[in-house]
Colleague: 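Below you'll find the structure I mean.
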Amino acid sequence: MGMKLVVIGGVTGGMSTAARMRRLDPKADIVVFERGKNVSFSNCALPYYLGGVVEQSDDLILMTPASLKRQHDLDVRVRCEVTAINRDRKTVTVRDLASGETFEEPYDKLMLSPGASPIMPRSIAGIDRSNVFSVRNVGDVVAIKQCIDQVESVAVVGGGFIGIEVAENLKTVGKRVALIEGMDQVLAPFDYDMVQILHKELDDNGVELHLSSTVTAIGDEGVTVSTPQGEALVPAQAVIMAIGVAPETELAADAGLEIGQARGIRVNNNYQTSDPDIYAVGDAIETYDALAHRWGRLALAGPAQRQARAAADHMCGMPVSNRGYIGSSCLRIFGRNAACTGLSEKAAKAAGYSYDSVLLFPSDKVGIMPGSHYMASKLVFEVPTGKILGAQAIGAGEVDKRVDVIATMVTMGGTIADLKDLELCYAPLFSTAKDVVNFAALVAENVLAGRMPQVHVSEVRALVEEGAYIVDVREEGEFARGHLKGAHNIPLSQLRSRTGEIPRDVPVYLHCRSSQRSYYALCFLRGSGWSNVSNISGSFLGISLYEYFNDKALGREPIVTDYNCN
Ligand SMILES: Cc1cc2nc3c(=O)[nH]c(=O)nc-3n(C[C@H](O)[C@H](O)[C@H](O)COP(=O)(O)OP(=O)(O)OC[C@H]3O[C@@H](n4cnc5c(N)ncnc54)[C@H](O)[C@@H]3O)c2cc1C
């Protein structure tokens, strides 16, 4: 008999550890304890059972204790909760939830992968009602489905990745869905300017978005929210709570293991806790934010699996590399795909970086190809080094491919010069000869070199309201269909003959549809002696998408005569 490994938690990190250990050591005695009814299920696919994309709940379960025994000789015991770690005896105390019996199991090495539990604040009156759910395991979505089959309206509380996926799936099956979020935006890893595109997409598809709204009570009629305007009732017959997760650290803390500043189990470079025979991975630990240079927490499946593999390797005496995390994620919201990696602009600011960003709307394929669409792309970089800090992309096409390229760059410490020269695949059906990411680097390089002074879409409302001199260089027909109030239309094709109209004594702001033509105009004017011209980053597409949802939600005066969001 080889090493005795006991694993607590039988899903992402736990099962990855057990499987890796089996590959490394055919003789190891491996026991996995899981509190729930199932192991090895796809947490990430749970919302898609609600929308019918995954038709049977059993399809969510990838392996069973029986198949794990047959294929990998793993001793997997479900409905067994570990209630204590007895470090002095090197055993765990286990309660068999079916029989009620308690027993001790010895270990040589112990892996903690207990995950994180959905936050269900006791301060919310009515949180214990039978129509209030959270989404963590297969049993949860089965219960939700049974309930929502009987109701028309559902409130989803929390605009993070899980809340949005749940909201989208419930809308797809015809429910009236209210999405309630305490912050002024959904999806915190995205910047406020980018996320407006997603606010519009949710709104366009009939999800009632309640931002800056904190749930205070749940009752017969629905959910009571506190907003800056006062209290309001959001009608709902069922409520799904998705306001975040709390790492399951109780077992570790009770055993005297170190809990870190970010409230996760503290581990070292090899994923060992403060007891070298006890390892921990996944949502329960805190890990190193490689960009913000601090300890943080990251509830994502890919990192949990990588950590599990590294920990099992270390248990077997193999060298381990722990690069910390940069945080990469993606999701679909109806017709838009969205992805992000590394630091957003606000995260770069919070981390104390000297940084800048560019926002652009290049085409994701050659324009005459079927399915071609703009891809809103934001690149965040350090000033003056040009080191890439992060990126966000939203579009109808393959945003994950673009963001993955940049995630690779971030991981390797790449700069915008590296990204500019990156040689990527090209054929018209797939991308453009200069891909979206190359474009982003080219624009960033111009900004960094001072060749392209810019203002951001978030600054345009103030410019319009103060009567700034804005030149729209789109053609007259485009201008007629919608433009910034007070803007001057001097199409690029007429610019050379109409320079007399452009003042030299006040700042001049240029835009077109996507900033391609306005960049040409900027080059021409700067080359002709204008020293006071700036480009509006993101141009009219960016302005329209940035303004649209707030104009509608707040009922405020638009700064455009009409929007162009397509
Ligand atoms: C709905 C949903 C969608 C998601 N979508 C994505 C996605 O698209 N992309 C992505 O990267 N990540 C996604 N995640 C996050 C990802 O699933 C987690 O980061 C990952 O599963 C964490 O792995 P883990 O092993 O730490 O915890 P888990 O996979 O949650 O496993 C922990 C297990 O430990 C068990 N356990 C806890 N305490 C004990 C105990 N004392 N005794 C026995 N068993 C115990 C729990 O019952 C649980 O089953 C999603 C999560 C959810 C819930």
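Whatever order the structure lists ligands and atoms in, that order sets their numbers, starting from 1.
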Colleague: Report the relative orientation of the aromatic rings in Y374 and F361; use parallel for angles under 30°, tilted for 30 to 60°, perpendicular for over 60°.
Modeller: perpendicular
Colleague: Checking a contact table here: which protein heavy atom is nearest atom 44 (N) of ligand 1, and how many Å away?
Modeller: R35 N, 3.0 Å
Colleague: With heavy atoms under 4.0 Å as the rule, classify the contact between T83 and ligand 1 as side chain, backbone, both or neither.
Modeller: neither
Colleague: With no hydrogens and no angle check, just 3.5 Å: does a side-chain donor-acceptor pair link T408 and T411?
Modeller: no
Colleague: May I ask you to list the atoms of ligand 1 that are less than 4.0 angstrom from any heavy atom of G9?
Modeller: 33 (C), 34 (O), 35 (C), 44 (N)
Colleague: Once the angle between the rings of H293 and Y353 is folded into 0 to 90°, is it parallel (under 30°), tilted (30 to 60°) or perpendicular (over 60°)?
Modeller: tilted
Colleague: Taking 4.0 angstrom as the limit, do E81 and R95 come out as a salt bridge?
Modeller: yes
Colleague: Going by the order shown, which atoms of ligand 1 are within less than 4.0 Å of some heavy atom of E248?
Modeller: 37 (C), 38 (N)
Colleague: Starting from atom 20 (C) of ligand 1, what is the nearest protein heavy atom, named by residue and atom, and what distance separates them?
Modeller: T12 OG1, 3.5 Å
Colleague: Of I8, V11, N43, which has the heavy atom at the shortest distance from atom 1 (C) of ligand 1?
Modeller: N43
Colleague: Any ring-ring contact (aromatic ring centres under 6.0 Å, His included) pairs touching residues 246-286, not counting sequence neighbours?
Modeller: Y279-H314
Colleague: So which protein heavy atom does atom 19 (O) of ligand 1 come closest to, and at what separation?
Modeller: D283 OD1, 2.7 Å
Colleague: Distance only, no hydrogens: is a donor on one side chain within 3.5 Å (strictly under) of an acceptor on the other, for T93 and N86?
Modeller: yes
Colleague: For ligand 1, which atoms, with element, lie under 4.0 Å from some heavy atom of V135?
Modeller: 1 (C), 53 (C)
Colleague: In terms of the angle between their ring planes, are Y288 and W295 parallel, tilted or perpendicular, with boundaries placed at 30° and 60°?
Modeller: perpendicular
Colleague: Checking salt bridge (Lys or Arg N to Asp or Glu O under 4.0 Å) for the pair E101/R77: CA distance, chi angles, key distance, verdict?
Modeller: CA-CA 14 Å; E101 282 171 20; R77 305 190 212 163; over 6 Å; no
Colleague: Salt-bridge test for E286 and R266: reply yes if a basic N is under 4.0 Å from a carboxylate O, no otherwise.
Modeller: yes
Colleague: Tell me the nearest of C44, G115, P114 to atom 27 (O) of ligand 1, using heavy-atom distances.
Modeller: G115
Colleague: Check ligand 1 against G282 and write out every atom of the ligand that is under 4.0 Å from a heavy-atom position of the residue.
Modeller: 26 (O)
Colleague: Which of the atoms of ligand 1 are close to R136, meaning less than 4.0 Å from one of its heavy atoms?
Modeller: 30 (O), 32 (C), 46 (C), 48 (C)
Colleague: Looking only at protein heavy atoms, which one is nearest to atom 11 (O) of ligand 1, and how far off is it?
Modeller: A301 N, 2.9 Å
Colleague: For ligand 1, which atoms, with element, lie under 4.0 Å from some heavy atom of A299?
Modeller: 15 (C), 19 (O)
Colleague: Indicate whether any N or O donor in one side chain lies under 3.5 Å from an N or O acceptor in the other, for E104 and T91.
Modeller: yes
Colleague: If you measure from each heavy atom of C80 to ligand 1, is any distance below 4.0 Å?
Modeller: yes
Colleague: Distance under 4.0 Å to a non-hydrogen atom of I162: what atoms of ligand 1 satisfy this?
Modeller: 1 (C), 2 (C), 3 (C), 51 (C), 52 (C), 53 (C)
Colleague: Within ligand 1, which atoms have a heavy atom of G13 less than 4.0 Å away?
Modeller: 23 (O), 24 (P), 25 (O)
